[in-house]
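Throughout, protein chains are lettered first and strands after them, A, B, ... in sequence-line order, and every chain is numbered starting at 1. Predicted, not measured: the structure shown is a model, and the values here were computed from it. In what follows, every heavy atom counts, from backbone to side chain, and hydrogens, waters and symmetry copies are set aside.
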There are 2 protein chains.
Amino acid sequence: MVHEVEHRTLTAYLEEHSLKNTKQRAAILDVFLSATGHITSEVLFQQVREQHSNIGYTTVYRTMKLLCDAGLASERRFDDGVTRFEIAHEHHDHLVCTRCGKIIEFECAMIEKTQNEIAERHGFRVLRHRHELYGHCRDCREDSP
Amino acid sequence: MVHEVEHRTLTAYLEEHSLKNTKQRAAILDVFLSATGHITSEVLFQQVREQHSNIGYTTVYRTMKLLCDAGLASERRFDDGVTRFEIAHEHHDHLVCTRCGKIIEFECAMIEKTQNEIAERHGFRVLRHRHELYGHCRDCREDSP
DNA sequence: CGTGAAAATGAAAATCATATTCAAATTCAA
DNA sequence: TTGAATTTGAATATGATTTTCATTTTCACG
Ligand SMILES: [Mn+2]
Ligand SMILES: [Mn+2]
Ligand SMILES: [Zn+2]
Ligand SMILES: [Zn+2]
C-alpha cells in the first residue's frame, strides 16, 4: 500500500481529535502525496477530480487545512496570491522565478542564526518566518548563455 | 508648505507620464506623509476622509499605487491579508508581532550578501525579496519581566 | 449487525480586499 | 477658452477562500 506511513499519521491525528476517517480525506491525501513540488489548490483539486469526480472544492480546501494541522502538509503563499501546498519536510526557504514559476528551496543555518540574533536584540521571540527571493532562474535570465 | 519636496516629486512624475495633477492626489499624498509607520489602506482611507469627505476608496487605492510607482511609497503585505503602505526609504526587512501588530524594521548586510550568494549558486538573479520574522515582541512575550 | 449522535460533505451563497466599469467631472496644452 | 485626454467615485465585478445548511456518512455502543 502506497503512502502507508502518512495514512497512518492521518488516522492517528483523526482519532486523536475525534474526527472521522472518510474516503475523501484518504483520496485527497493520496493525490497530494503523489504530486510533486509546490502545488496550488486549483491544480490539486483538478488532480483529485480526475480520480474522484464527485469530491468538491470545499472538501479539498478543508482537507488540506487538516493535513497541515496534522503535520503532513505545509501551506505556502508566495506573491502571486494563490495558496500552494508542499509535503511537509524540514524548514527551508524559497527562491521563486517570476518568469517561469520555478521554485527552488534553500536553507542557511547562518542566516537563521543571524536573524534570531537580530530578533533577540529587539526583544523579539520569533515563532516563524518567511524568506523569499524573487527573480529570474538560470533558464530565464536574459544573460543566460 | 509641508511635504514640499514630495509634492514636487509627485508633480514631476505626473508630468513625466502625462498624468494630471489633481487635488485628490495631493490630498492623499499629504495624509499619507503625515501618517506614521505601516498604514493599511483602510486606515489611510479613513484619515483621508476626515479632511476630504468626498474622496472615494477607489481613488485612494489608485493613488497609493501611483505613489508607489513614483517612488514615494512602498507597499507591504504581511501575513494578515491586508496591504500596508510606508513612506519609501532604504531597503529593510521586518519583524512583525502577531499579538499587538507592532512592526520593527531591520537590515543586515550579511544576510543580504549571504542570500545573494545562495541565489547565485542556483543561477538565480534576485530582483527583490521579503524576509519577515513573525513572533512576539518584548511587550507581548509571556516571559517578559 | 443495527442505531443514532456527531461529524463530514458538497452545492450554493457569502466574504473581503481589491480591481474594473462607466458616466460625469476635471485638468491642462494649445 | 476649449476640447481631448485623464480622473473621479459609485456601483459592480473579481477571485480566492470560507461559511452555510440540508443531506449523507462515520463509528462507538449496544
Ligand atoms: Mn518548499
Ligand atoms: Mn518598513
Ligand atoms: Zn524561470
Ligand atoms: Zn507585540
Side-chain angles (χ1 to χ4, degrees), chain A residues 7 10-32 38-46 48-70 73-85 101, chain B residues 7 10-32 38-46 48-70 73-85 101:
Chain A
H7 277 280
L10 176 58
T11 297
Y13 181 88
L14 294 174
E15 285 175 358
E16 175 70 22
H17 292 77
S18 302
L19 302 176
K20 291 179 176 174
N21 215 334
T22 67
K23 45 184 73 76
Q24 287 92 335
R25 286 171 173 168
I28 292 168
L29 175 58
D30 259 342
V31 171
F32 168 62
H38 303 75
I39 189 175
T40 65
S41 304
E42 187 182 0
V43 169
L44 183 60
F45 172 69
Q46 287 166 355
V48 166
R49 269 303 178 96
E50 286 174 16
Q51 302 296 320
H52 312 270
S53 62
N54 46 343
I55 291 184
Y57 216 143
T58 310
T59 301
V60 173
Y61 273 113
R62 284 189 285 226
T63 300
M64 290 316 298
K65 192 177 208 302
L66 179 72
L67 296 186
C68 289
D69 292 343
S74 298
E75 188 180 303
R76 303 287 182 185
R77 278 180 223 181
F78 301 122
D79 278 359
D80 60 353
V82 295
T83 300
R84 290 161 194 277
F85 297 96
Chain B
H7 278 280
L10 176 59
T11 298
Y13 181 88
L14 294 173
E15 284 176 358
E16 175 71 22
H17 292 78
S18 302
L19 301 176
K20 291 179 176 174
N21 215 335
T22 67
K23 45 184 72 78
Q24 286 92 336
R25 285 172 174 167
I28 293 169
L29 174 57
D30 258 341
V31 172
F32 168 62
H38 303 75
I39 190 175
T40 65
S41 304
E42 187 182 359
V43 170
L44 183 60
F45 171 69
Q46 286 166 355
V48 166
R49 269 303 178 96
E50 286 173 18
Q51 300 298 321
H52 311 270
S53 63
N54 46 343
I55 291 184
Y57 216 144
T58 310
T59 300
V60 172
Y61 273 115
R62 285 189 284 223
T63 300
M64 290 316 297
K65 192 176 209 302
L66 179 72
L67 296 186
C68 289
D69 292 342
S74 299
E75 188 180 304
R76 303 286 181 185
R77 278 180 224 182
F78 302 121
D79 278 0
D80 60 354
V82 295
T83 300
R84 289 162 195 276
F85 297 96

Self-check item: Spacing of A:Leu66 atom CG relative to C:dA8 atom P, expressed in whole Å
Solution: 8 Å
Practice problem: Could you tell me the separation between the CD atom of B:Glu15 and the P atom of C:dT27, rounded to a whole number of Å? | Solution: 15 Å
Quiz item: According to a strict under-4.0 Å criterion, is A:Arg62 in side-chain N/O contact with OP1 or OP2 of D:dT18?
Solution: no
Quiz item: Between A:Tyr13 (OH) and C:dA7 (P), how many Å, whole number?
Solution: 14 Å
Practice problem: State which of D:dT18, D:dT26, D:dT8 makes the closest approach to the side chain of A:Lys23. | Solution: D:dT26
Practice problem: Please state how far atom CZ in A:Arg25 lies from atom P in C:dA7, giving the value in whole angstrom units. | Solution: 11 Å
Practice problem: Ignoring the backbone of A:Asn21, work out which of D:dA16, D:dC27, C:dA11 is nearest its side chain. | Solution: D:dC27
Self-check item: Rounded distance in Å - CG (B:Leu10) to P (D:dT7)
Solution: 11 Å
Exercise. Locate the shortest heavy-atom distance separating A:Lys20 from A:Leu14; write the atom from each residue and the value.
Key: O-CD1, 3.7 Å
Exercise. Compare the minimum distances between each of D:dT7, D:dT17, C:dA7 and the side chain of A:Leu19, then state the nucleotide with the smallest one.
Key: C:dA7
Quiz item: In terms of side-chain heavy atoms of A:Gln24, which of D:dA16, C:dT9, C:dA8 is nearest?
Solution: C:dT9
Exercise. Using whole Å, report how far CG of A:Asp79 lies from P of C:dA17.
Key: 19 Å
Quiz item: Distance-only, no hydrogens or angles: does the B:His17 side chain make a donor-acceptor pair with backbone N or O of B:Tyr13 under 3.5 Å?
Solution: yes
Exercise. Would you kindly give the OH-to-P distance between B:Tyr61 and D:dT8, to the nearest whole Å?
Key: 16 Å
Quiz item: When we call it a touch if two heavy atoms are under 4.0 Å apart, what does A:Thr22 touch: a base, just sugar-phosphate, or nothing?
Solution: sugar-phosphate
Exercise. Give me the ring orientation class for A:Tyr57 and A:Phe45: parallel if the planes are under 30° apart, tilted from 30 to 60°, perpendicular past 60°.
Key: parallel
Self-check item: Donor-acceptor pair present, A:Lys20 side chain and D:dT26 base, under 3.5 Å
Solution: yes
Quiz prompt | Atom-pair distance (CD1 on B:Ile55; P on C:dA25), nearest Å | solution = 18 Å
